[in-house]
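Just below is one structure, and these are the notes that go with it.
Everything numeric in this text was worked out from a predicted model, so none of it was measured. Any value given below was found using the heavy atoms of this structure, including those in side chains, with hydrogens, waters and symmetry copies removed.
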Amino acid sequence: MNPELCVVGVDFGTLSGRAVVVRVGDGAELASAEHVYAHAVLDRELPDGTQLPPDWALQDPADWIDVLRTAVPEALAAAGVRPEQVIGIGTDFTACTVLPALADGTPLCELPGLAGRPHAYPKLWKHHAAQGQADRINALAAERKEAWLERYGGKVSSEWEFAKALQVLEEDPEVYRRTERWLEAADWIVWRLCGRYVRNACTAGYKGQYQESRYPSREYLAALHPDFAGFVADKLDQPIAQLGDRAGGLGAEAAAWTGLPEGIAVCVGNVDAHVTAPAAVAVEPGQMVAIMGTSTCHVMSSDHYGTVPGMCGIVDGGILPGLWGYEAGQSGVGDIFGWFVRTGFPAGYAAAAQAAGQDPHEYLTGLAARQKVGEHGLIALDWHSGNRSVLVDHDLSGVIVGQTLATRPEDIYRALLEATAFGTRTIIEAFESAGVPVQELIVAGGLTKNALLMQIYADVTRRPLSVIASAQGPALGAATHAAVAAGAYPDIRIAARAMGKVERGVHLPDPHRAAAYDRLYAEYRTLHDYFGRGANDVMHRLRRIRTEAS
């Protein structure tokens with residue numbers, strides 16, 4: 001193999017996009033660059049000032065194109081790589097992030113007269129305003145005994161494709177009528193790169209209810225809403241390509257944006273979490289990868305099939321060929337810590353953090369690290385952005401129990417860190433109770449930098465934590481798939497072993513702390529079931545009251 005050959009991976013995240021230039025032979029990351037989205041997340045108003053209701057989260061697709069225009073050329077320049085050395089480009093995206101478009105791929109929000117229509121914009125993964133539609137999708141599927149429902153642990157999320165599309169139909173029928181293509185952003189960006197629209201097998205399976213080579217039936221969709229009967233045939237259905245396939249060659253327009261050679265391989269799209277598994281060399285059954293950022297996605301391949309409650313999807317070959325690919329997750333993790341810093345960090349703490357040369361998270365982490373397990377007297381539920389797994393209910397909300405007048409910010413901060421670890425343990429236990437063993441826990445994402453958080457996870461789960469040895473796991477994974485699409489490796493497993501990076505057993509559980517956490521986890525599960533399984537429906541009632549008051 002030519003030692004100079006490189007590939008580019010581009011990771012489209014929630015707030016920014018990152019490009020990394022990777023050497024094909026050994027996975028060395030030569031340089032990376034980041035472009036922050038100008039519009040970030042549209043959760044309060046559209047660019048023209050149109051107000052948005054609660055639980056909305058939209059984006060502007062122009063921000064994604066700007067990543068190609070800026071981050072890719074900057075990464076190439078920083079790497080000192082000549083364009084002709086690059087043989088392929090791969091991308092990954094947050095999911096389920098979906099947008100309505102014309103038949104030529106033009107986003108509806110870019111059409112005259114639609115800039116002030118919220119439903120014309122892409123719906124970000126954490127758009128949770130379609131919970132009512134998701135509830136009806138689930139109830140009808142259970143009533144009709146739809147076979148595909150089992151593959152999603154008995155519930156489809158409001159974050160996924162069908163719930164969001166049904167919301168458009170019911171709340172803005174004109175935008176729905178003008179939608180000629182309802183597509184994942186992961187596929188839209190590949191379309192813009194190579195001029196060919198193919199659906200990737202990952203989002204089709206996990207987010208589009210595509211199982212056993214078919215979608216939910218026309219009859220089922222008509223029972224949801226008469227005008228929804230043709231949704232699949234008219235707006236969604238498209239040829240499906242497998243992960244690591246070549247979608248096409250880089251087009252002239254995209255070559256001009258990126259500075260890459262026209263015609264190089266463009267890899268089929270993928271999801272940020274799933275594409276990270278090969279980057280972490282998680283290519284064997286039972287290796288769970290937790291990609292921890294604003295949210296956490298837990299992905300794992302297994303040779304065991306089990307009906308795991310609250311899964312985001314179980315897809316044959318959804319991550320690696322020949323294995324069942326499982327996805328679970330937590331809708332809020334880093335977002336919860338960020339929320340607390342924005343709303344619960346007093347001026348005196350801010351001054352002390354500044355004097356110490358620390359940001360708020362570093363300062364609070366340092367204070368929290370001095371505590372013994374249980375010293376703060378608190379227990380929290382990590383549902384500030386709803387619950388993705390195992391309850392699949394985004395109308396749930398956060399809880400903190402045990403606060404007194406002596407409770408300090410670092411107490412709450414540590415309780416929130418612990419709550420997210422308890423949520424991950426709940427997911428792991430759901431896997432193992434369903435007969436799907438978790439052999440190793442590997443952590444990726446920006447939160448791996450917080451040593452206290454990592455130690456809490458090791459202690460709470462009673463498992464050694466391995467850590468991906470890359471700060472750009474999704475982008476590295478996208479680049480690894482690009483190497484396969486370009487023909488440098490015959491399959492993703494071989495590419496992962498050559499290009500992926502992982503450090504095994506970095507954080508080890510302490511038996512004494514683990515025992516103390518067992519007691520707190522028992523309290524967490526009591527609250528989890530009390531508020532999440534119907535014993536007390538107060539969270540849903542409060543949400544209805546808030547909606548009525550808005």
Side-chain angles (χ1 to χ4, degrees), residues 8-22 29-44 46-47 57-79 89-99 107 109 121-127 159 184-186 188-190 192-193 254 257-260 269-276 279 291-297 331-339 341-342 359-361 385 444-450 468 470-479 482:
V8 172
V10 188
D11 168 36
F12 291 88
T14 300
L15 297 173
S16 66
R18 294 158 292 277
V20 61
V21 180
V22 181
E29 297 172 40
L30 304 180
S32 64
E34 180 178 16
H35 175 76
V36 176
Y37 301 148
H39 299 93
V41 177
L42 304 172
D43 55 5
R44 295 185 180 276
L46 298 182
L58 309 176
Q59 289 200 309
D60 188 328
D63 291 342
W64 307 334
I65 297 298
D66 285 344
V67 174
L68 301 177
R69 296 179 190 272
T70 59
V72 175
E74 288 176 10
L76 283 172
I89 181 170
T91 57
D92 69 83
F93 234 100
T94 62
C96 170
T97 296
V98 282
L99 68 154
C109 62
Y121 283 76
K123 289 179 168 57
L124 186 61
W125 63 269
K126 64 178 181 176
H127 175 90
E159 295 179 354
E184 289 277 351
W188 183 83
I189 203 71
V190 169
R192 296 304 304 267
L193 285 168
W257 292 338
T258 60
L260 295 173
N270 210 325
V271 179
D272 51 359
H274 303 69
V275 81
T276 303
I291 301 90
M292 297 179 62
T294 53
S295 65
T296 292
C297 195
S331 294
V333 179
D335 265 357
I336 298 175
F337 312 149
W339 160 81
V341 164
R342 290 193 307 274
D359 68 29
H361 293 283
S385 192
L447 294 182
T448 58
K449 294 179 290 188
N450 188 317
I468 189 172
S470 170
Q472 303 289 349
L476 174 59

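In terms of heavy atoms, Glu74 sits closest to Ala33 at CB-CB, 3.7 Å. Taking all atoms of both residues into account, the shortest heavy-atom contact from Asp92 to Pro474 is OD2-O, 3.1 Å. Ala75 and Ala31 make their closest contact through O-CB, 3.6 Å (heavy atoms, listed as atom of the first residue, atom of the second, distance). Shortest non-hydrogen contact noted between Arg18 and Ala475 is O-CB, 4.2 Å. Here the closest heavy-atom approach between residue Ala79 and residue Leu30 is recorded as CB-CB, 3.8 Å. Minimum heavy-atom separation, Ala40 to Leu15: CB-CD2, 4.2 Å.
The side chain to side chain donor-acceptor pair (under 3.5 Å) search around Ser385 returns none, not counting sequence neighbours. In this structure Phe337 satisfies the ring-ring contact (aromatic ring centres under 6.0 Å, His included) test with no other residue, sequence neighbours excluded.
Partner Leu124 forms a side-chain contact (heavy atoms from CB on, under 4.5 Å) with one of Leu99, Leu58, Thr94, Val98 and no other, that one being Thr94. Considering Thr294, Asp335, Asp272 as possible partners of Thr14, the one that fulfils the side-chain contact (heavy atoms from CB on, under 4.5 Å) test is Thr294.
Here the straight-line distance linking atom CG of Leu42 with atom OH of Tyr121 works out to 7.0 Å at 0.5 Å rounding. The distance from the OH atom of Tyr37 to the OG atom of Ser16 is 6.5 Å, given to the nearest 0.5 Å. Atoms CD1 and CZ, from Ile189 and Phe93 in turn, are 5.5 Å apart once rounded to the nearest 0.5 Å.
Between Lys126 and Ser295, the closest side-chain pair of non-hydrogen atoms is not below 4.5 Å. In this structure, the side chains of Asp11 and Val20 stay at 4.5 Å or more apart for every pair of heavy atoms.
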Atom pairs and distances, donor-acceptor, side-chain atoms in residues 60-69, under 3.5 Å, two or more places apart:
| residue | atom | partner | partner atom | Å |
| --- | --- | --- | --- | --- |
| Asp60 | OD1 | Ala62 | N | 2.9 |
| Asp63 | OD1 | His39 | ND1 | 3.0 |
| Asp63 | OD2 | His39 | N | 3.1 |
| Asp63 | OD2 | His39 | ND1 | 3.3 |
| Trp64 | NE1 | Gln59 | OE1 | 3.3 |

